[in-house]
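Step one of this worksheet: look at the structure below.
Computed from a predicted structure; not experimentally measured. Every chain is numbered from 1 and lettered A, B, ... according to where its sequence line falls, protein lines coming before strand lines.
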Amino acid sequence: MKVTNKPILLVEDDQVDTMTVIRALKEIHVTNPLVNVENGEEALRYLKDAEREKPCIILLDLNMPVMNGIEFLQVIKHDEQLKRIPVVVLTTSEEQQDKVNSFNMGVAGYMAKPVDYRQFVEVMRSIDAYWTISEMPY
Amino acid sequence: MKSMLNRLTIKSRLIFVLCVLVTYLLGIQMLGLFGMSRGIRGLETVYHDRVIPLHQVGHIESLLLQNRLAITSALIMPTPEIIEEKTQLVERNLRQISRTWEQYMLTRLTAEEHRLALKLAAQRRKLVTEGVLPAVEALRANRIGEANRILVEKIRPLYVPIGVTIEALVLLQLNEAGREYNREQDRFETIRTVLVASIFIALVLALLIGFGITHAIFRPLEDVVKIARGVAAGNLTQEIRPRSQDEIGQLMQALKEMRDSLVDTIGQVRDSEAHTRALLDNLIDGVASVNEQGAIKTFNPAAEHIFGYNAREIIGQNISLLFPEREPGQGQHDDYFRNLPTENLEAFDAPFEVTGRRKNGATFPMDLAVVEMHGGKDRMFVVIMRDISERKLAEEQKARLMTELESANEELKSFAYVVSHDLKAPLRAIGALADWLSTDYTHVLDDQGKEHLRLLVSRVHRMGNLIDGILQYSRVGRVKEAPVAVDVGQMIHDVIELIAPPANVIIDVEEPMPTIVTEPTRIQQIFQNLLSNSIKYMDKPRGEIRIACRAEGEQWKFSVTDNGPGIEMRHFDRIFQLFQTLAPRDRIESTGVGLALVKKIVEMYGGRVWVESKAGIGSTFFFTLPTRQQP
């Protein structure tokens, strides 16, 4: 990541998936703190809390209880403060409709979670590499 | 004879009768003329043969008497002048006598007359030659004495018989004239009688002809009139038998033909009416006819059934009775019938949906069409009504079913989604955890434990592939792409690049390849699966794959041929079924989805897929795609 002090917000309800992300980030030596919330509503609460630091990137699962990823996108992409935070979708869904909806909401990337952990590490490595090179809004 | 007479026309019969009458009258006239001319000729004969000779005989007698008197007077006063005068008179008279005699002799004389005439001629000749001529001579010679003697001795005695003869002749002539006159009288009588008889016969004939004409013309004519009146009054069954072949017979025949044709026409009309009635009675649609004011004139059984009204009670009522009272917001077609009493009906053929009202007050949806009937003197309209409440119900049911189906389909879709996410998520967790175990605890695990974990990860992979296969398979036909023109040749090259075949496999693409308007991903999936199968199962050190295409009618026929292991014929059907593989999965990693997917895609486009193969030599997979993209 270009900015190493800002947190990465992981919106993910599955415990093992969260562990996978944490482990993969650790394996590729990403030092940013990771904030994990379990659904869109919690993520919004976190983002709206002025006390908490805004994340440099949001890793978003789509299929979640209470508020799913698409609903979450609809809220933050209409919020002046939040809409510039890059959102990378991390999902198992290969549904065309999910991809279309996500990109309609201006996501920065759409990554399918591979079944194989090694491949997942490679995905995470790519995301890190990209956001290390890419400029960020703040 | 009678039939021949019957066959004659009245015209010819009349002409014939007239001819006969004219001939008869002409005959009578001829007869009268002939009789009259005969009478006139008879009178002429009486005149010529009797009156003229009578006069001539008288004349001759007077001349003879004159001669005698002349001679006598010359003797009384025998002066030369008187002698001369008298002798000349005598000679002149003699000449006249001979002339008159010649004329007399030329007239028609009876035998008796002729005999007397000859006698008279002889006596006259004797008087002239022996008396008159010598006396004249003597006088001229002035021998008075001699002349006197001749007069006394000759002329006087000789004259006496002449007088007798002439008297007899005159008598004879008078008798004859009287007889002839009587004869002529008789003839006139006869002619008159004949004429009177003829006139009488003519009268009788006229009576007979009149009677005949009456019999032949007026009686049959009256019959014809009677029959015609009967037909007009509707008696169509009466017997019409033409009795002759004349004009009246023809008239009768024509009348009969007219009656027959009328009977035929009426029969046809009745048939047609019965047909129409049967049609109307058995029609599913309600049909009513109304006049311009909307009064119902007919009401068929289907309409009775629909509305619950009896035809008897509804006929005469206004058709607006069949429609509910107008409520605000209802369509204008209801107004149409509400406004009937004030507005004239207009026809509209295209059926539209209105609300009807049954006798029990229940309203129901119906299709309505109004057609104007032409032909009668009043404008009539046919109103066709169809109860569509059942159809409506069915439509609603169908719509409900469709909704249910759609939701079921939606469920199926979400099932696929659930499979893709909820099934893969734990699988991925298992895979990750197994990986971490083997990584983090590698120093604790023995070789067998490590092998088990490796197998666990590989099975996780396999299950992941299976789930992906199911997803791919379920997406075909569910997820639609916009069809675009796909250059198949170019696409095959892309697929080959994606697959990256090993160096020992050569893929040959026959040119030219067509351009097809279709969903690109599906075509790509077909070739990707077929090519990767060929490569995956290749058992020869040098693999050869050949892709070809040719047009066959309305379809493109593609083929992918390889020199791989080939497939036994008994597996030809099995290989296209889902999850069916021929090799153990541990040897060749396969989900058994590929060919099933190909089959589903090809069949979705209306094509066909099949395989021809010989075990050990190679296989050819064929599939067809329509040249024209189906809508």
Name the residue from A/D17, A/D14, A/D61 that meets the salt bridge (Lys or Arg N to Asp or Glu O under 4.0 Å) definition with B/R428. A/D17
The interface call for B/N465 against chain A, heavy-atom contacts under 4.5 Å, is neither
B/D447 atom CG, over 12 foreign heavy atoms within 6.0 Å: no
A/D79 atom CG: more than 12 heavy-atom contacts under 6.0 Å: yes
Measuring only between side-chain heavy atoms, which start at C-beta, is A/D116 closer than 4.5 Å to B/V460? no
Determine which residues belonging to residues 117-126 of chain A lie within contact range of chain B, meaning some heavy atom pair is under 4.5 Å apart, and list them by number or answer 'none'. A/Y117, A/R118
Other residues, nucleotides, ligands: >12 heavy atoms within 6.0 Å of A/K26 NZ: no
Just checking B/K450: does its NZ atom have more than 12 heavy atoms from other residues, nucleotides or ligands closer to it than 6.0 angstrom? yes
Heavy atoms of other groups near A/Y130 OH, more than 12 under 6.0 Å: no
Quick check on B/Y441: does its OH atom have over 12 non-hydrogen neighbours (other residues, nucleotides or ligands) under 6.0 Å away? no
Would you find more than 12 non-hydrogen atoms of other residues, nucleotides or ligands less than 6.0 Å from A/Q15 atom CD? no
So for atom CD, which belongs to B/E404, do other residues, nucleotides or ligands contribute more than 12 heavy atoms lying within a distance under 6.0 Å? yes
Under 4.0 Å between a Lys/Arg side-chain N and an Asp/Glu carboxylate O for B/D440 and A/R23? yes
If one checks every heavy atom of B/L433 against chain A at 4.5 Å, the contacting part turns out to be side chain
